[in-house]
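Letters A, B, ... mirror the listed sequences (proteins, then strands); counts begin at 1.
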Number of protein chains: 2
Amino acid sequence: MTGGTTRRAPLSRDRVLDAAVALADAVGIEALSMRRLAQELGVVPMALYKHVANKDELLDGMVDVVLGGIDPADASLDWREAVRRRVLSAREAVLRHPWARKAIESRTSRTPVVLAYMDSLAGMFRAGGFSPDLTHHVMHALGNRMWGFSPELFEEARDPSAPASSPEQQQAMAAEFAERFPHILEIATAATSGDLSRVGGGCDEQFEFEFALDVLLDGFERLREQGWTSRRG
Amino acid sequence: MTGGTTRRAPLSRDRVLDAAVALADAVGIEALSMRRLAQELGVVPMALYKHVANKDELLDGMVDVVLGGIDPADASLDWREAVRRRVLSAREAVLRHPWARKAIESRTSRTPVVLAYMDSLAGMFRAGGFSPDLTHHVMHALGNRMWGFSPELFEEARDPSAPASSPEQQQAMAAEFAERFPHILEIATAATSGDLSRVGGGCDEQFEFEFALDVLLDGFERLREQGWTSRRG
DNA sequence: GTTGACAGGCGTACACCGTACACCTATGGT
DNA sequence: ACCATAGGTGTACGGTGTACGCCTGTCAAC
């Protein structure tokens, strides 16, 4: 008899990918191993290789899953709002998974999902009156902003396992920091409205992201109006 | 007697770091292991641990070595040219080592070298009349452009080990591509002045980089003139 | 039915990784 | 002359990705 305990549902590429995403969400990308993933699926490690060629392909697939969460394009909007929303939607999708950023950065392959996203973005510029030439360059300029992140420069990465230091040590370190990196201290102060106890609390990354995005979009708009072209030489 | 063969020069943190950089240059960052590095230095793997705490610290140190190649700041320039040169110098330093980009992206720690670079950049904005507030936001906006790269979206990553496909297959793939990603095809055509055989040859990454950088710098300049402030609420 | 191909899960094995721990030894200050 | 110590050694452990061969349940063709 086959019954008793219901037979485990058979694996599939999608099931493997979904489980990998869930596992990475739970334990982090660096703790995601083929063995651990197999265990999670109640299966022997080598079974996974019937569904993904190797770990790199697994990671590519996981990225595709994340990117699948990006909102579809809305054709009724003007180019600027359309691009803005799409990029911010990508950001949301990526930030839903803490590991996604690193995974996207480390992958270099262009899967069809990635190409489709880039294509729709390029289409928005074209529909908005951008020349193919200008579209090409602004796509480059958007760079990884397309994916909804840029390195979080001021992220403190407060290490909770760091050894606790005495107040005097902290004070000494703060003093040295102020001397060596006065400008960083200054802008950190500005960012926290002078409340230096909040420095570790981080800035409003969403605000910073939109700030940079809008500076770029403003610039693009101006270039478009001017009929900018790269004819160089 | 100690002579005969001259005794191997003793290790030091700097010697380890330099050897690691050279090895990564030669064999790539993913083939850089503690064991391989030790072998290169004619030493047993564990000997390295007297000079670096672990592999992560080794990578941090390597990044610092690379960043050491950035030109010093020139105080005689106006802010815009100063920032521009410094960022482009960082780009040069990073691109000298093919692995550096990935290494910088994967590290999250702020070593003193990194902080010093950020601080000098912030100082340029401040000296150019940017408020601490605006300086903070433009630093964020520069994002990884600070490090001289952004994801090379159109880099073909032509895999030479890819199986050769027949002309018919290639044609079929091209046709499918044109149908699924028409806008990408269009801007690729623009980028190569219509010579599609050059599509894989890549764009002028340096041009694209400076394009984006200048759009940002233009935007920053305008915000500065307007006395922009983030007082939000 | 019977058969045979085959998709998919299993087990073993290998080479490699980072690094903890104990040990040895040459060096230099006292 | 002493001994602490910095720095190189050797062994060992638990992890990794994955090549290779086997076994089994499913299903189409006869």
- Query: D:dG8 phosphate, OP1 or OP2: any side-chain N/O from B:K50 under 4.0 angstrom?
  - Reply: no
- Report the residue (A:M46 or B:A31) whose heavy-atom-nearest nucleotide on DNA chain C is the more 5′ of the two. A:M46
- Task: Starting at atom CG of A:L37, determine the distance to atom C1' of D:dT18, rounded to an integer number of angstrom.
- Result: 14 Å
- Item | Donor-acceptor pair (no angle test) under 3.5 Å: A:R35 side chain, D:dG15 base | no
- Distance in angstrom units between B:L32 CG and C:dC16 C1', rounded: 14 Å
- Give the nucleotide from the list D:dG10, C:dG9, C:dC17 with an atom nearest to the side chain of B:V44. D:dG10
- Query: Rounded to whole angstrom units, what separation is found between the CZ atom of A:R36 and the P atom of D:dG17?
  - Reply: 12 Å
- salt bridge (Lys or Arg N to Asp or Glu O under 4.0 Å) between A:D74 and A:R86: does it pass, once the steps are laid out? CA-CA 9 Å; A:D74 181 342; A:R86 199 142 171 72; over 6 Å; no
- Task: Consider only side-chain N and O atoms of A:D60 and A:T111, and report whether a donor and an acceptor are under 3.5 Å apart.
- Result: no
- Message: Nearest whole Å is fine: how far is C:dC10 P from A:M34 CE?
- Response: 14 Å
- OP1 or OP2 of D:dG8 sitting under 4.0 Å from any side-chain N/O of B:H51? yes
- Task: Write down the distance between CD (A:E30) and C1' (D:dG17), rounded to a whole number of angstrom.
- Result: 17 Å
- Euclidean distance, atom CG of residue B:L48 to atom P of D:dG7 [Å, nearest integer]: 13 Å
- Message: Distance check needed: D:dA6 C1' versus B:Y49 OH, whole Å only.
- Response: 19 Å
- Query: Starting at CZ of B:R13 and ending at P of D:dG8, how long is that distance when rounded to a whole Å?
  - Reply: 15 Å
- Message: Is it the case that the side chain of B:S89 and the backbone of B:D71 share a donor-acceptor pair, with hydrogens and angles ignored and the cut-off at 3.5 Å?
- Response: yes
- Message: ring-ring contact (aromatic ring centres under 6.0 Å, His included), that's the test. Do A:H137 and B:F207 meet it? Break it down for me.
- Response: CA-CA 9 Å; A:H137 297 300; B:F207 180 87; 5.1 Å; yes
